[in-house]
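Data block below; observations after.
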Amino acid sequence: MSGIHRAAGLVLAVALLLPTQGCRLLPDRSEVPPWPGGPTPSWQWQVSGQLDPTVDAEVYVLDGFLISLETARRLRADGRRLVCHVEAGIYQESRPDAARFPAGVLGAPARVPGQPSGTPRGRWLDIRQWSVLEPVLADRFRLCRGKRFVAVLPVGMDGYTHRSGFPLTFDDQLAFNRRVAELARQAQLTPGLANDIDQVLALEPYFDFAVNEECVRRTECARLVPFTQAGKPVFHVEYQGSTADFCTTSVGYGLTSIRKDRDLGVRRDVCPP
């Protein structure tokens, strides 16, 4: 009987170490430090036009393909924290690696952040085809890391809410976004969540900051609270009106807000702290 009891105890111990059905495994953060604590830093998001390195912001979100290594080094030397803007769920024909995306993963037109409204210059990707997309995204993240970026903002993370040309589901998007976050960590980059506001609660544990477009205009800012409550920064941009129209609302939710044009050029208007 004692042998049976020992065997039963061993089985129980092993069972306690394994995840139960329905439990989620959170990302391994051992190699990638989370976003620093403390007050949310000021920020700039510029992916078009000539870069202005004198903008008074601690965080610069910049196009990973267009910024040179030398420029990134100078910004880092000035104390800037660099975030690499790179497409993940969207195809953009102008990118140097565009030929790596086969026709079978290209869907309906999509607006690429940094392009004026009404001028779609990208296409949604079939995010279910992870084996096809993973090597391209991995190389993009390695490019970001090689240029001394410390974080990455993968854009096009909410294709399932659009007419993407594919029957994407909530679960398809959730799986893809979690995979993207893990891939970023493997490249030693801190991952940020772009938009995808319907999945914020589920994805907050996987991302260390968020970037949102127009939550005030869409009356969605309250849904970003899981990030701010976790002590993670939310960088927010509005494209219409003036800071006087939205700052009180956004700052009240703990967001760091700016007003920009849709081309995401140099110009920005900052909410008072």
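Note: hydrogens, waters and symmetry copies are ignored here, and every other heavy atom, side chains too, is used. Throughout, residue positions are numbered sequentially from 1 according to the sequence presented.
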Between Arg111 and Glu213, is a salt bridge (charged side-chain N to carboxylate O under 4.0 Å, His left out) present by the stated rule, with each step listed?
CA-CA 13 Å; Arg111 185 186 75 83; Glu213 297 177 278; 3.1 Å; yes
Please evaluate residues Leu82 and Val59 with respect to the criterion side chain to side chain contact (heavy atoms under 4.5 Å, CB included), reporting the C-alpha separation (whole Å), side-chain torsions for both, the decisive distance (0.1 Å), and the verdict.
CA-CA 6 Å; Leu82 304 185; Val59 173; over 6 Å; no
Check the pair His85, Trp45 against side chain to side chain donor-acceptor pair (under 3.5 Å), reporting the backbone distance first and the verdict last.
CA-CA 9 Å; His85 167 122; Trp45 191 2; 3.2 Å; yes
Go through the steps for Val180 and Trp130 under the test side chain to side chain contact (heavy atoms under 4.5 Å, CB included), then give the verdict.
CA-CA 10 Å; Val180 168; Trp130 179 248; 4.0 Å; yes
Would you sort out whether Val86 and Val152 count as a side chain to side chain contact (heavy atoms under 4.5 Å, CB included), showing the intermediate values?
CA-CA 7 Å; Val86 63; Val152 64; 3.6 Å; yes
Begin with the C-alpha distance, continue with both residues' side-chain angles, and end with the deciding distance and a verdict on side chain to side chain contact (heavy atoms under 4.5 Å, CB included) for Ile90 and Arg123.
CA-CA 6 Å; Ile90 293 176; Arg123 296 171 68 178; over 6 Å; no
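The minimum heavy-atom distance linking Gly165 with Ala108 is given by the pair N-CB, 3.9 Å. Residue Leu189 comes nearest to Cys144 through the heavy atom pair CD1-CB, 3.9 Å, listed as atom of the first residue, atom of the second, then distance. Shortest non-hydrogen contact noted between Leu255 and Cys215 is CD1-SG, 3.6 Å. Scanning both residues, Arg76 and Val150, for their nearest heavy atoms gives NH1-CG1, 3.5 Å. Between Arg267 and Asp269, the shortest heavy-atom distance links the atoms NH2-OD2, 3.0 Å. Of all the heavy atoms in Gly192 and Pro154, the pair that sits closest is O-CD, 3.2 Å.
Atom CZ of Arg148 is surrounded by 12 or fewer heavy atoms from other residues, nucleotides or ligands within 6.0 Å. The number of heavy atoms from other shown groups lying within 6.0 Å of CD (Glu134) is above 12.
Relative orientation of the Phe235 and Trp43 rings is tilted, given thresholds of 30° and 60° on the angle between their planes. Taking the six-membered ring where tryptophan is involved, the planes of Tyr91 and Phe101 are perpendicular, since the angle between them exceeds 60° and thus also 30°.
The line from OG1 of Thr256 to CD of Glu58 is 9.0 Å long, rounded to the nearest 0.5 Å. Between atom CZ of residue Phe209 and atom CG of residue Leu193 there is a gap of 9.0 Å, rounded to the nearest 0.5 Å. Between Leu75 atom CG and Arg81 atom CZ the span is 14.0 Å, to the nearest 0.5 Å. Between the CG atom of Leu62 and the NZ atom of Lys147 there is a distance of 10.5 Å, given to the nearest 0.5 Å. Here the CZ atom belonging to Arg179 is positioned 9.5 Å from the CD1 atom belonging to Ile127, to the nearest 0.5 angstrom. The structure places CG of Leu203 at 5.5 Å from CG of Asn177, a figure rounded to the nearest 0.5 Å.
Checked by atom type and distance alone, the side chain of Asp97 never pairs as donor or acceptor with a backbone atom of Arg100 at under 3.5 Å. Checking side-chain atoms of Asp263 against main-chain N and O of Gly265 turns up a donor-acceptor pair under 3.5 Å. Listed for the Gln44 side chain is no donor-acceptor partner under 3.5 Å among the backbone atoms of Pro53. Looking at Asp52, its side chain does come within 3.5 Å of a backbone N or O of Thr54 through a donor-acceptor pair. Under a 3.5 Å cut-off, the side chain of Gln188 and the backbone N or O of Arg145 do not form any donor-acceptor pair.
Counting only heavy atoms from C-beta outward, the side chains of Arg128 and Pro167 approach each other to under 4.5 Å. Using a 4.5 Å heavy-atom threshold, the side chains of Ile197 and Asn212 count as touching. Between Leu224 and Val200 the shortest side-chain heavy-atom distance falls below 4.5 Å. The shortest distance between side-chain heavy atoms of Asp126 and Leu168 falls below 4.5 Å. Cys247 places a side-chain heavy atom less than 4.5 Å from the side chain of Pro272. A heavy-atom distance below 4.5 Å is not found between the side chains of Tyr60 and Val83. Residues Pro191 and Tyr206 have side chains not in contact (no heavy-atom distance under 4.5 Å, counting atoms from C-beta outward).
Residues Val216 and Ile258 do not share a hydrophobic cluster, defined by chaining ILVMFWY side chains whose heavy atoms lie under 4.5 Å apart. Each of Val270 and Phe246 belongs to its own hydrophobic cluster when Ile, Leu, Val, Met, Phe, Trp and Tyr are linked at side-chain heavy-atom distances under 4.5 angstrom. Val251 and Phe227 sit in two unconnected hydrophobic clusters of ILVMFWY residues. Membership requires side-chain heavy atoms under 4.5 Å apart, directly or through other members.
By the ring pair (Phe, Tyr, Trp, His ring centres under 6.0 Å) test, Tyr239 pairs with no residue at all, sequence neighbours left out. Under the salt bridge (Lys or Arg N to Asp or Glu O under 4.0 Å) criterion, Arg217 pairs with Glu214, sequence neighbours left out. Applying the salt bridge (Lys or Arg N to Asp or Glu O under 4.0 Å) criterion to Arg223, with sequence neighbours excluded, gives Asp198. Arg95 meets the salt bridge (Lys or Arg N to Asp or Glu O under 4.0 Å) test with Asp63, Glu87; sequence neighbours excluded. Every side-chain hydrogen bond (donor to acceptor under 3.5 Å, both in side chains) that Asp245 has, sequence neighbours left out, goes to Ser242.
In the model, Gln46 has no side-chain atom that pairs as donor or acceptor with a side-chain atom of Lys260 under 3.5 Å.
Between Arg185 and Asp208 there is a salt bridge, since a side-chain N of the basic residue sits under 4.0 Å from a carboxylate O of the acidic one.
The ring pair (Phe, Tyr, Trp, His ring centres under 6.0 Å) test with Tyr160 is passed by exactly one of Phe176, Phe166, Trp124, Phe170: Phe170.
Counting only residues at least two apart or in different chains, salt bridge (charged side-chain N to carboxylate O under 4.0 Å, His left out) contacts with residues 160-172 are absent.
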